[in-house]
Amino acid sequence: MAKLYFKYGAMGSSKSAQALITKFNYEERGMSVWLIKPATDDRDGVDIIKSRIGLSERADVVRPKDDIKALYEEKTENKGEKIDVIISDECQFFSEEQIDQLRYLVDTYDVPVLCFGLRTDFLTHLFPGSLRLFELADSITEIKTICECGKKATVNARISNGKIVTKGEQVFLGGNDSYIAMCHSCWKKRIAEEENGAG
């Protein structure tokens, strides 16, 4: 039976690279992959998934109001395309309803769905898509990376002008210049130091 997988990690944990490597592995065995990503992530082009190590692939874009189930059925039933597995990058940006639609595809069409993304935002709050995946996924795996102190990084610290940001919108797209993966202890310590230094 197919499963819904959630593979999450902090910024810089090579989630996109692993998504693209997984796609390659399926295709090497002659299987057809439907690679998707939310339209919210347009850092490298609206239809491009690109990793920090240089791997990149074109992906079908899912807009906020799109019904993923309907998109799948359009491809498979109307266009006759074969889909053996669905792989998504940046799945935290999907709505709860879209995660439900991915769950439906697993259950109804017996197609595996592998979702790669962040668990939490820069204030350690779950993204709606990630929350729903924690509720629905059959398999949940952490992709680990480390803080500069050597501990496991769990926080996606947002940086502006060299300082940690503690207010703002949940979604702000940026790369290595805008975010640093940190352990919770270092994150809290640096916020305290910056606040004391400002006072």
Side-chain angles (χ1 to χ4, degrees), residues 2-106 108-119 121 127-130 132-133 136-137 139-141 143 156 170-176 178-179:
K3 293 182 180 178
L4 175 61
Y5 297 84
F6 182 29
K7 299 175 183 290
Y8 72 90
M11 297 284 289
S13 60
S14 300
K15 297 178 300 300
S16 296
Q18 289 201 29
L20 297 178
I21 290 167
T22 302
K23 176 182 183 287
F24 174 84
N25 288 339
Y26 273 101
E27 291 177 339
E28 192 176 39
R29 287 156 181 79
M31 302 176 87
S32 299
V33 177
W34 186 29
L35 187 64
I36 61 174
K37 64 175 281 194
T40 306
D41 177 34
D42 60 2
R43 288 169 296 175
D44 299 303
V46 73
D47 65 343
I48 298 292
I49 293 174
K50 185 176 179 183
S51 71
R52 291 177 303 124
I53 61 169
L55 299 175
S56 66
E57 288 274 349
R58 289 203 175 276
D60 281 355
V61 176
V62 178
R63 297 181 301 272
K65 299 296 183 184
D66 283 348
D67 182 328
I68 298 175
K69 177 173 72 74
L71 294 175
Y72 174 89
E73 290 170 348
E74 169 69 19
K75 291 177 79 66
T76 57
E77 295 173 14
N78 296 350
K79 295 182 179 176
E81 294 182 28
K82 179 174 177 269
I83 295 175
D84 294 308
V85 62
I86 300 168
I87 298 176
S88 168
D89 195 30
E90 304 294 351
C91 62
Q92 72 274 3
F93 294 138
F94 285 138
S95 68
E96 292 183 26
E97 292 77 17
Q98 288 171 327
I99 299 300
D100 287 343
Q101 292 155 13
L102 290 171
R103 177 78 254 182
Y104 174 89
L105 294 177
V106 172
T108 305
Y109 294 102
D110 199 31
V111 59
V113 176
L114 292 82
C115 295
F116 293 80
L118 298 173
R119 177 180 62 164
D121 64 17
F127 287 95
S130 302
R132 194 64 181 136
L133 278 161
L136 291 180
S139 172
I140 299 170
T141 308
I143 302 170
N156 303 300
Q170 184 176 51
V171 176
F172 174 80
L173 298 177
N176 294 341
S178 303
Y179 289 93

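Everything numeric in this text was worked out from a predicted model, so none of it was measured.
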Nearest-0.5 Å distance that lies between atom CD in Q18 and atom CD1 in I143
4.0 Å
Sequence-distant partners of S14, side chain to side chain contact (heavy atoms under 4.5 Å, CB included), two or more places apart
A17, R52
Nearest heavy atoms of G129 and I99, plus distance in Å:
O-CG1, 3.7 Å
For residues Y104 and D67, determine if any side-chain heavy atom of one lies less than 4.5 Å from a side-chain heavy atom of the other.
no
Non-hydrogen side-chain atoms of V111 and W34 separated by less than 4.5 Å
no
Output the distance between atom CG (L114) and atom CG (D89), rounded to the nearest 0.5 Å.
11.5 Å
Across all chains, not counting sequence neighbours, the salt bridge (charged side-chain N to carboxylate O under 4.0 Å, His left out) partners of K82 are D84
May I ask you to test the E90-T40 pair for a side-chain heavy-atom distance under 4.5 Å?
no
Taking L118's backbone N and O only, do any of them form a donor-acceptor pair with Q92's side chain (distance below 3.5 Å, no angle check)?
yes
Considering residues at least two apart in sequence or located in another chain, which fulfil the salt bridge (charged side-chain N to carboxylate O under 4.0 Å, His left out) criterion with R103?
D107, D138
Looking at every heavy atom in both Y179 and N156, which two are closest together, and how far apart are they?
CD2-O, 3.8 Å
ring-ring contact (aromatic ring centres under 6.0 Å, His included) partners of Y72, counting only residues at least two apart:
Y109
Rounded distance (nearest 0.5 Å) linking atom CG of L133 with atom CG of L102:
7.5 Å
Sequence neighbours excluded, which residues qualify as side chain to side chain contact (heavy atoms under 4.5 Å, CB included) partners of E57?
L20, K23, L35
Output for pair (E73 CD, T76 OG1), nearest 0.5 Å, gives 6.5 Å
Checking Q98 against E96: is there a side-chain donor and acceptor pair closer than 3.5 Å?
no
Enumerate donor-acceptor pairs with a distance under 3.5 Å from any side-chain N or O in residues 4-11 to protein atoms, sequence neighbours excluded.
none

Taken to the nearest 0.5 Å, the spacing of S32 OG from E27 CD works out to 7.5 Å
What are the two closest heavy atoms between A2 and P112, and how far apart are they?
CB-N, 3.5 Å
Run the salt-bridge test on D47 and R58 with the 4.0 Å N-O cut-off and return the result as yes or no.
yes
Please examine the side chains of F94 and I68, heavy atoms only from C-beta on, and report whether any two atoms are closer than 4.5 Å.
yes
Atom CD of E97 and atom NZ of K69: how far apart are they, to the nearest 0.5 Å?
13.5 Å
Restricting to non-hydrogen atoms, name the atom on I36 and the atom on I49 that form the minimum distance, rounded to 0.1 Å.
O-CD1, 4.0 Å
Side chains of D60 and L71, heavy atoms from C-beta outward: is any pair under 4.5 Å?
no
